[in-house]
Enquirer: 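Sharing a structure, written as structure tokens. Questions coming.
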Protein chains: 2
Amino acid sequence: MMNPKAISKQTLLRLPSYLSYLKSLPEHGCENVSATMIASALGLNDVQVRKDLACVSKKGRPKLGYVTEELISDIESFLGYDDLNDAIIIGAGRLGGALLSYEGFNEYGLNIVAAFDVDESKIGTEICGKKVLDISKIKELCKRMKIRIGIITVPGHSAQKVCDILVDSGIFAIWNFAPVHLKVPDNILVQQENMAASLAVLSAHLAESIKKNEI
Amino acid sequence: MMNPKAISKQTLLRLPSYLSYLKSLPEHGCENVSATMIASALGLNDVQVRKDLACVSKKGRPKLGYVTEELISDIESFLGYDDLNDAIIIGAGRLGGALLSYEGFNEYGLNIVAAFDVDESKIGTEICGKKVLDISKIKELCKRMKIRIGIITVPGHSAQKVCDILVDSGIFAIWNFAPVHLKVPDNILVQQENMAASLAVLSAHLAESIKKNEI
DNA sequence: TAGATTGTTAATCGATTAACAATC
DNA sequence: TAGATTGTTAATCGATTAACAATC
């Protein structure tokens with residue numbers, strides 16, 4: 001599409017679940033798929049699904065729905081899953097290690113090339129074949145390899161410092177697992193992975209359920 | 001409060017960031033804090049912050065703002081951070097291990113008591129002092145210890161099966177790290193930790209930046 | 001054809017923001 | 001007092017849903 005209509009953030013967030021649902025369908029017998037099907041499988045409204053799909057794919061056909069294969073590849077290419085973005089990870093602790101060793105990211109177009117840490121005992125080692133480097137080398141590596149994504153998995157108190165280094169190194173987008181609000185220039189995206197917020201939702205629901213059940 | 005007004009999900013999601021900001025303030029010299037301060041530190045609208053705080057704490061005072069200490073403890077108690085909820089984790093792989101060994105959850109009122117797996121080589125071992133048990137023992141443990149939170153860190157293809165076991169075991173809330181939509185009865189909450197969605201936002205932003213910069 | 005499904009236009013809903021009087 | 005800040009009411013904004021004609 002030459003002039004894609006601006007896509008809402010909500011829509012963007014739903015696309016990956018459509019994709020994962022579509023991929024879970026059996027190869028045979030599902031050449032076509034309707035918005036109604038997708039919506040009911042994911043607990044969404046069918047009009048919403050149709051509108052979302054209209055942003056990224058061709059028109060569906062009345063009575064038939066969409067061509068499953070086309071839908072999959074359109075969503076994948078819209079999300080940029082078909083070419084890999086290199087990324088680095090800062091903080092080679094438990095969480096950093098878990099992310100480093102998660103093979104699945106390649107499927108989502110993310111390729112983690114190296115990790116950085118300040119801990120001397122970690123520097124020089126490898127985690128799942130990825131080198132752990134001294135944090136002072138971030139800028140040089142980012143420039144040389146044109147890295148544009150940084151993943152922050154350091155403790156909260158040093159996250160802003162790491163963030164500043166990343167910005168200075170020419171990073172465009174930051175995926176932040178530290179539970180702090182990062183200050184960045186306007187053109188840089190921070191995607192906050194907010195586990196504390198998720199937990200808040202869980203525990204509020206729990207408190208409510210308990211109240212209901214025990215009264 | 002006897003009759004707390006219903007709190008919006010958005011508000012609930014913002015509360016943890018207020019809390020983390022408030023806790024980051026220096027002990028001395030910040031007896032009071034204004035909604036304006038919080039808003040500008042976190043990049044939010046000040047009226048929004050005021051409305052959010054009104055849901056969980058006492059009134060602020062014109063010109064002075066809120067009492068920092070009171071605000072902290074009101075938010076903490078609203079979020080249930082002051083008493084621990086026991087939880088179990090299903091899937092003792094890399095991610096499960098990372099979560100198991102993250103000490104910080106206690107601060108958020110979450111206490112992971114054990115892990116479960118199907119892998120014989122993992123069963124019977126310990127990760128950070130937490131036992132890894134056979135998945136067939138879930139129900140018995142949940143009933144006996146009145147566990148109400150389950151954390152799913154198994155691969156996508158077995159997530160629904162694990163979910164069904166959890167529901168059958170009397171769990172009220174599920175924190176799901178597997179990238180699939182879980183089907184549960186109405187009264188059970190599924191909090192989806194959606195890394196694929198986060199990545200979608202990142203990569204869409206990146207694609208846009210690149211386009212802008214390279215044209 | 002009949003009926004399922006599409007895309008679009010209009011109505012609804014909920015959340016955010018603006019305006020403003022009240023207060024310390 | 002003057003000015004910063006509060007809480008509330010009204011206006012705006014954006015996203016979701018309902019209604020409906022078009023289509024295979």
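Chain letters run A, B, ... following the sequence lines, proteins first, then strands; residues in each count from 1. Computed from a predicted model, the values in this text were never measured in an experiment.
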Enquirer: From CG of A:Asp46 over to P of C:dT8, roughly how many Å is that when rounded to an integer?
Expert: 15 Å
Enquirer: Which pairs, with at least one residue in residues 170-207 of chain A and sequence neighbours excluded, count as a ring pair (Phe, Tyr, Trp, His ring centres under 6.0 Å)?
Expert: A:Phe105-A:Trp175, A:Trp175-A:Phe177
Enquirer: Identify, with sequence neighbours excluded, every residue that meets side-chain hydrogen bond (donor to acceptor under 3.5 Å, both in side chains) alongside B:Gln192.
Expert: B:Asn176
Enquirer: Any donor-acceptor pair under 3.5 Å linking the side chain of B:Lys139 with the backbone of B:Ile165?
Expert: no
Enquirer: Do any of residues 33-41 of chain B sit with a heavy atom less than 4.0 Å from DNA chain D, and if so which?
Expert: B:Ser34, B:Ala35, B:Thr36
Enquirer: Could you go over nucleotides 19-24 of chain D and give all protein N or O partners under 3.5 Å, atom names and distances?
Expert:
none

Enquirer: Go ahead and write out DNA chain C as dot-bracket, 5' to 3': ( ) for pairs within the strand, [ ] for ones crossing earlier pairs, | when the partner sits on another strand, dots for unpaired; Watson-Crick or G-U wobble, both distances under 3.5 Å.
Expert: ..||||||||||||||||||||||
Enquirer: Using only atom types and a distance under 3.5 Å, with no angle test, would you say the side chain of A:Ser34 pairs donor to acceptor with the backbone of A:Met37?
Expert: yes
Enquirer: What residues form a side-chain hydrogen bond (donor to acceptor under 3.5 Å, both in side chains) with A:Gln191, not counting sequence neighbours?
Expert: none
Enquirer: Mind jotting down which residue pairs meet the salt bridge (charged side-chain N to carboxylate O under 4.0 Å, His left out) criterion with at least one end in residues 176-187 of chain B? Sequence neighbours excluded, please.
Expert: none
Enquirer: For A:Ser8, give me all partners under side-chain hydrogen bond (donor to acceptor under 3.5 Å, both in side chains), at least two apart in sequence or on another chain.
Expert: A:Thr11
Enquirer: If only side-chain N and O atoms count, and only distance matters, is there a donor-acceptor pair under 3.5 Å linking A:Asn32 with A:Tyr66?
Expert: no
Enquirer: Show me the donor-acceptor pairs, under 3.5 Å and distance only, between side chains in residues 19-31 of chain A and residues at least two apart or in other chains.
Expert:
from    : atom 1 : to       : atom 2 : distance (Å)
A:Ser20 : OG     : B:Pro179 : O      : 3.4
A:Lys23 : NZ     : A:Glu76  : OE2    : 2.9
A:Ser24 : OG     : A:Tyr21  : O      : 2.6

Enquirer: Listed in order of residue number, which residues of residues 9-16 of chain B have a non-hydrogen atom at under 4.0 Å from DNA chain C?
Expert: B:Gln10, B:Arg14
Enquirer: Out of curiosity, A:Ser209 OG to B:Ile188 CD1, how far, rounded to the nearest 0.5 Å?
Expert: 8.5 Å
Enquirer: How long is the straight-line distance from CG of B:Leu189 back to CZ of B:Arg148, given to the nearest 0.5 Å?
Expert: 14.5 Å
Enquirer: Roughly, in whole Å, what's the span from CG in B:Asp52 to P in C:dA15?
Expert: 11 Å
Enquirer: Using whole Å, report how far CG of B:Leu53 lies from P of C:dT16.
Expert: 14 Å
Enquirer: In whole angstrom, give the distance that lies between atom CG of A:Asn45 and atom C1' of C:dT6.
Expert: 14 Å
Enquirer: Could you give the CD1-to-P distance, from B:Ile7 to C:dT16, as a whole number of Å?
Expert: 12 Å
Enquirer: Would you be so kind as to tabulate the donor-acceptor pairs closer than 3.5 Å made by side chains of residues 82-97 of chain B, with sequence neighbours excluded?
Expert:
from    : atom 1 : to       : atom 2 : distance (Å)
B:Asp86 : OD1    : B:Asn111 : ND2    : 3.0
B:Arg94 : NE     : A:Ser101 : OG     : 3.2

Enquirer: Within the structure shown, what part of the strands sits under 4.0 Å from B:Lys51 by heavy-atom distance: base, sugar-phosphate, or nothing?
Expert: base
Enquirer: Excluding sequence neighbours, so at least two apart, what forms side-chain hydrogen bond (donor to acceptor under 3.5 Å, both in side chains) with B:Asp74?
Expert: B:Ser57
